[in-house]
Amino acid sequence: MTQRNPEEGGVLVDEGRPLFVQIAEEIEGSVLDGSLQEEERAPSTNELAAFHRINPATAAKGINLLVDRGILVKRRGLGMFVAAGAAERLREERRQQFADHYLTPMLAEARHIGLSVENIIQLLRERAQQSGIHE
């Protein structure tokens with residue numbers, strides 16, 4: 001469960017996940033929603049540490065996760081910047097995670113109960129329509 005304590009400023013606390021992972025995911029979310037554009041300067045370690053009231057080493061660890069994955073790039077003397085192609089890279093990673101976490105188990109269950117691909121597609125279309133999602 002994620003909680004924000006108003007007395008603690010910008011600190012996000014998800015009891016089961018390390019803060020540096022949450023920092024990385026927050027930046028990823030900003031890239032995906034467009035509030036942090038490609039080639040734009042990303043928040044510095046010190047800015048993140050001050051905002052979230054965490055140790056700068058923790059913020060750096062989150063940033064380094066993104067550098068290692070090619071989402072952020074270091075520009076000597078200038079700071080961290082969102083890499084060209086980062087948004088698409090993140091979308092592709094998320095698509096793969098979606099397939100691994102949802103589609104693979106769903107297909108295994110469908111096989112167990114005898115659903116065909118056509119049955120699955122029809123069920124998906126029906127649920128999408130009920131949810132207001134259009135093709």
Side-chain angles (χ1 to χ4, degrees):
M1 173 182 218
T2 302
Q3 298 177 343
R4 186 182 295 268
N5 184 337
E7 312 243 287
E8 295 180 16
V11 176
L12 288 174
V13 180
D14 182 344
E15 297 299 325
R17 297 177 33 247
L19 284 173
F20 72 92
V21 171
Q22 294 177 59
I23 293 292
E25 289 174 348
E26 179 181 301
I27 295 170
E28 286 178 8
S30 295
V31 172
L32 286 170
D33 72 16
S35 59
L36 192 56
Q37 297 286 316
E38 294 180 7
E39 304 294 335
E40 186 177 342
R41 186 182 161 284
S44 71
T45 297
N46 290 333
E47 289 168 339
L48 288 167
F51 180 77
H52 291 289
R53 295 187 182 181
I54 60 174
N55 186 312
T58 301
K61 198 169 176 183
I63 286 175
N64 286 332
L65 282 178
L66 298 174
V67 169
D68 292 346
R69 290 175 34 225
I71 305 303
L72 295 180
V73 292
K74 295 178 186 179
R75 293 191 183 154
R76 191 171 188 88
L78 298 175
M80 295 290 178
F81 288 78
V82 179
E88 185 54 38
R89 192 173 302 116
L90 285 169
R91 280 190 287 278
E92 182 54 39
E93 285 179 12
R94 296 273 178 101
R95 283 189 284 269
Q96 189 59 50
Q97 290 170 355
F98 178 82
D100 293 345
H101 288 65
Y102 298 102
L103 298 182
T104 300
M106 179 189 68
L107 291 170
E109 179 63 15
R111 183 175 38 252
H112 285 20
I113 62 174
L115 289 176
S116 69
V117 171
E118 291 78 22
N119 296 140
I120 295 167
I121 291 170
Q122 182 58 38
L123 287 170
L124 183 59
R125 282 193 173 117
E126 290 169 8
R127 292 299 167 108
Q129 216 172 27
Q130 291 170 2
S131 299
I133 299 172
H134 305 286
E135 289 187 41

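On a predicted model such as this, the values are computed, not experimentally measured, just so you know. Throughout, numbering of the chain's residues begins at 1 and tracks the sequence. As a basis for the values below, the full set of heavy atoms in this structure was taken, side chains included, without hydrogen atoms, waters or symmetry mates.
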Does Glu92 form a salt bridge (charged side-chain N to carboxylate O under 4.0 Å, His left out) with Arg89? I'd like the steps, not just the answer. CA-CA 5 Å; Glu92 182 54 39; Arg89 192 173 302 116; over 6 Å; no
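Members clustered with Ile120: Phe98, Tyr102, Leu103, Met106, Leu107, Ile113, Leu115, Leu123, by chain and number, using a 4.5 Å side-chain heavy-atom cutoff among hydrophobic residues.
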Got a list of side-chain donor-acceptor pairs under 3.5 Å for residues 64-75, not counting sequence neighbours?
residue, atom, partner, partner atom, Å
Asn64, ND2, Ala60, O, 3.2
Arg69, NE, Glu93, OE1, 3.4
Arg69, NE, Glu93, OE2, 3.4
Arg69, NH1, Glu28, OE2, 2.6
Arg69, NH2, Glu28, OE2, 2.9
Arg69, NH2, Glu93, OE1, 2.4
Arg75, NH2, Glu39, OE1, 2.6

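One distance of note links OG of Ser30 with CG of Leu90; it measures 11.0 Å at 0.5 Å rounding. Distance CZ/Arg125 to CD/Gln129: 10.0 Å, rounded to 0.5 Å.
The backbone N or O of Ala99 lies less than 3.5 Å from a partner atom in the side chain of Thr104, making a donor-acceptor pair. Judged purely by atom type and a 3.5 angstrom limit, Glu38 uses its side chain to pair as donor or acceptor with the backbone of Gly85. Judged purely by atom type and a 3.5 angstrom limit, Thr58 has no side-chain atom pairing as donor or acceptor with the backbone of Ile54.
Closest approach of Asp100 to Pro105, counting heavy atoms only: O-CD, 3.5 Å. Residues Ala24 and Gly62 approach most closely at CB-O, 3.6 Å, considering heavy atoms.
In this model, a donor atom of one side chain and an acceptor atom of the other lie less than 3.5 Å apart for Ser35 and Asp33. His52 and Glu26 form a side-chain donor-acceptor contact under 3.5 Å, judged by distance and modelled atom types alone. Between Asn119 and Ser116, the side chains place a donor N or O and an acceptor N or O closer than 3.5 Å (distance only, hydrogens not considered).
Put simply, Phe81 and Ile23 are part of two different groups of oily side chains (I, L, V, M, F, W, Y) that touch within less than 4.5 Å, one to the next. Taken together through direct or relayed side-chain contacts under 4.5 Å among Ile, Leu, Val, Met, Phe, Trp and Tyr, Leu32 and Leu48 form part of one hydrophobic cluster.
By the neighbour-count criterion of 12 heavy atoms within 6.0 Å, atom CD of Glu40 is densely surrounded, having more than that number from other residues, nucleotides or ligands.
When side chains are defined from C-beta on, Ile27 counts as touching Ile63, because their heavy atoms get closer than 4.5 Å. You'll find the side chain of Arg94 stays beyond 4.5 Å of the side chain of Arg91, heavy atoms only.
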